[in-house]
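Read through the structure below, which is laid out as structure tokens, and then see the notes.
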Amino acid sequence: MPELPEVETTVRGLARVLKGRRIARVEARRADLRRSFPEDLGQRLTGARVTGLGRRAKYGLIHTDRDDTMIFHLGMSGSWRIDHASLGKHDHLLLETDEGKRLALNDPRRFGSVDLVATGELHDWPPFKALGPEPFELDPRELRKRLRGRTAAIKLLLGDQRIVAGLGNIYVCEALHRAKIHPKRRGGSVSLERLGRLVGAIEEVLAEAIDAGGSSLKDFISPDGELGYFSKSFVVYDREGRPCRCGGTVKRIVQGGRSTFYCPECQR
Ligand SMILES: [Zn+2]
């Protein structure tokens, strides 16, 4: 499942072929993914120039000179492919640039989405309105305010998009381990000093993954041209029963229906 680093890597890869280019052709090859494509998608994007790209939480943003922003979400299995040799049945949306580059949004499970919103109204777009701050803009005092009085486990609270936007299961596990915080600790009980460590850990684990994705981009115009997926190594995630650096053993528990991996020795 694409997490924030995959989305960021995808946006950077798309920017290389889209930024400053005109969209010459748009083809929706079905009517919907998780929800319908906007009816006027082709009309509003065709001929528009891409002025910039961005990311908010796990959404990719493509801004045009018509003050529209196309917002995409990769859902569970989405990816963009550039100049793929042949179109597959899961290539649901095509964009062609004035340079003849062909970008296909591929999504076998179709949990992704594509929306078009006036750029000036992005903040008010309902899925964005309730989002908390970006992980890279997080401040320990702000985080403490958001967690104050909360008795739920810190692991669950960090995965809540209203508290921090775009953090998924993997990076919450990794960041808590790096900050040596027990995943079951009550959110409101974590000291400001430890929240400072946690904010640093969140930024580090995400930045390292984005760097790994960035190095995968060097060959992104390969025949399969798929953006955003790259191999990563984790310290605790998916490592149940394996040794932790401290000499402890990584344990798996279930919280809120998702697996949590942590080390009972060094996380308190
Ligand atoms: Zn440990």
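Order of appearance sets the numbers: ligands from 1, and atoms from 1 within every ligand.
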- Message: Using a strict cut-off of 2.8 Å, how many protein N/O/S atoms surround the Zn ion (ligand 1)?
- Response: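 Of the protein's nitrogen, oxygen and sulfur atoms, 4 lie under 2.8 Å from the Zn ion (ligand 1).
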- Item | Electrostatic pair R29-D91, nearest N-O below 4.0 angstrom |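 Salt bridge absent between R29 and D91.
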- Query: Any salt bridge between K251 and E240, counting N to O under 4.0 Å?
  - Reply: no
- Is the side chain of T46 donor-acceptor paired with the backbone N or O of Q43 at a distance under 3.5 Å, no angle test? no
- Backbone N or O of T119 within a donor-acceptor pair of the D67 side chain at under 3.5 Å?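 No; zero donor-acceptor contacts below 3.5 Å.
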- Under the salt bridge (Lys or Arg N to Asp or Glu O under 4.0 Å) test, which residues partner E96, sequence neighbours left out?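 With neighbours one apart ignored, the set is R25.
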- Message: Looking only at side-chain N and O atoms, does T69 offer a donor or acceptor that is under 3.5 Å from a partner on H63?
- Response: yes
